Amino acid sequence: MLREGSLDYPTLVGKSIASTQVLWERTLAFPGVVEFYARLPGQTITDIGRRGKFLMILLSLDTLLLHLRMSGDVRVEAQEMPIALHDRLLVNFDDGLRLVFNDTRKFGRVWLVGDAREILGNLGPEPFDDELTPLEFYRRLHTTRRQLKPLLLDQSFLAGLGNIYTDESLHLAHLHPLTPANEVSPDQAERLLGAIHQILEDGIRHNGASIDWVDRGGGFQNYFRVYDRAGEPCPECGSSIQRMVVGQRGTHFCPTCQPLT
DNA sequence: CACGAGACCTGTTCGC
DNA sequence: TGCGAACAGGTCTCGT
């Protein structure tokens, strides 16, 4: 994970791009390789940001957007380093360093656009946006009868939650994954928003989760309440955690703490 | 509008 | 031991 300005990485702000190299063409979602190669060199990084699951690298003219999807990762290293297995795209700076986009499963994507809203425009609100009050969250839930699990995964409803964080949040809020959104009470909506906040904070504090060979250094997997714990006791009541498939996604919940009423 | 299936990919794990 | 199937943090497209 990119920790801008931390001890792990030198700050990227101010760096000038000298060249770029696309090693797996489909990683580049927009524009085509020819235009990407022509447009990126000469631009300087002015700021770093995030919106939903997108990393934003703001440049003097354009914005570079990165989405890690399932197995993507970003690192900064000297250009003399050998190309690693599954490196998909390189951005070389004029100071000898480079930013590397590595992605085993090739699901990750990179965009270079003049206006980031072209790509980010359909995203829902940030979970920590001050304007997303419990009441506003309740109102949004009541605009649909979709089940909570797939709804929370829908980035146009709420930006940033993935499969792990959705299961963990629903368990902490004591809400069944199949609950129709428009049947959630104001109290339950407030509890769910609070749970989402707490789970995200926990995940961030532990630098995210490491599963299988996708290890970005995080330890959140040691604190999962229900995710990937089917058959194990619920941390709250001891009931056996259940696994089911909802919208083709593995879904983990406690049948006692999260009853479907 | 809402949902399910299939596609895109590689690597690990599990069952036989 | 070997081999194929199932499965995995995400998202898009298509058909019903």
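Note that this is a predicted model, so its numbers are computed, not measured. Numbers restart at 1 for each chain; the letters A, B, ... are given by sequence-line order, proteins then strands.
With side-chain heavy atoms closer than 4.5 Å counting as contact, directly or through intermediates, the hydrophobic cluster containing V246(A) also holds L178(A), M244(A), F253(A), L260(A). Through chains of ILVMFWY side-chain contacts below 4.5 Å, I241(A) is grouped with V226(A). Side-chain heavy-atom separations under 4.5 angstrom define the hydrophobic clusters, and L61(A) shares its cluster with no other residue.
Y227(A) has its OH atom 7 Å from the P atom of dA8(C), to the nearest Å. Spacing between atom CD1 of I164(A) and atom C1' of dC7(C) amounts to 14 Å, rounded to whole angstrom units. Summarising the geometry, the separation between CZ on F30(A) and C1' on dC12(C) is reported as 18 Å, rounded to the nearest angstrom. If you measure from atom CZ of F224(A) to atom P of dG9(C), you get 10 Å, rounded to the nearest angstrom. Nucleotide dC7(C) holds its P atom 14 Å from the CG atom of N163(A), rounded to whole Å. The OH atom of Y165(A) sits 13 Å away from the P atom of dG9(C) (whole-angstrom rounding).
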Item to complete: Show your working on side chain to side chain donor-acceptor pair (under 3.5 Å) between S71(A) and T104(A) and close with a plain yes or no.
Response: CA-CA 6 Å; S71(A) 58; T104(A) 301; 4.7 Å; no
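Side-chain contact between I45(A) and T11(A) is absent, with no heavy atoms from C-beta onward closer than 4.5 Å. At a threshold of 4.5 Å between non-hydrogen side-chain atoms, the residues H252(A) and H171(A) do not count as touching. Using a 4.5 Å heavy-atom threshold, the side chains of E136(A) and E131(A) count as separate. Annotation: side chain of L170(A) is not in contact with side chain of T251(A) (no heavy-atom distance under 4.5 Å).
Listed by residue number, R105(A), F107(A) are the residues of residues 105-116 of chain A with a heavy-atom contact under 4.0 Å to DNA chain C. If you check residues 138-156 of chain A against DNA chain B, the residues with a heavy atom closer than 4.0 Å are T144(A), R146(A), listed by number.
OP1 or OP2 of dT11(C) lies within a sub-4.0 Å distance of a side-chain N or O belonging to H67(A). Within the 4.0 Å cut-off from OP1 or OP2 of dG9(C), not a single side-chain nitrogen or oxygen of K53(A) is found.
First and last contacts of DNA chain B with chain A, using any nucleotide atom under 4.0 Å from a protein heavy atom and ordered 5' to 3', fall at dA2(B) to dT12(B).
If you take atom P in dA5(C) and the same atom in dA7(B), they sit 15 Å apart, rounded to whole Å. Comparing the P positions of dC14(B) and dG9(C) gives an interatomic distance of 16 Å, to the nearest angstrom. For dC7(C) and dG6(B), the C1' atoms lie 16 Å apart once the distance is rounded to whole Å. Comparing dT10(B) with dT1(C), their P atoms are spaced 28 Å from each other, to the whole Å. Nucleotides dA5(B) and dA6(C), compared at atom P, are 15 Å apart to the nearest Å.
For the strand DNA chain C, secondary-structure stems (runs of at least three Watson-Crick or G-U pairs, all distances below 3.5 Å) span B:2-8 with C:10-16, B:10-16 with C:2-8.
For F30(A), there are no ring-ring contact (aromatic ring centres under 6.0 Å, His included) partners at least two apart in sequence or on another chain. For R98(A), the side-chain hydrogen bond (donor to acceptor under 3.5 Å, both in side chains) test picks out E77(A), with sequence neighbours left out. F54(A) meets the ring-ring contact (aromatic ring centres under 6.0 Å, His included) test with H67(A), W111(A); sequence neighbours excluded. Evaluation of the side-chain contact (heavy atoms from CB on, under 4.5 Å) rule for D115(A) yields R117(A), E118(A) as partners, not counting sequence neighbours.
Residue pairs meeting the ring-ring contact (aromatic ring centres under 6.0 Å, His included) criterion with at least one partner in residues 146-167 of chain A, sequence neighbours excluded, are Y165(A)-F220(A).
Note: the hydrophobic cluster containing Y37(A) also contains I57(A) (ILVMFWY, side chain heavy atoms under 4.5 Å, direct or indirect links).
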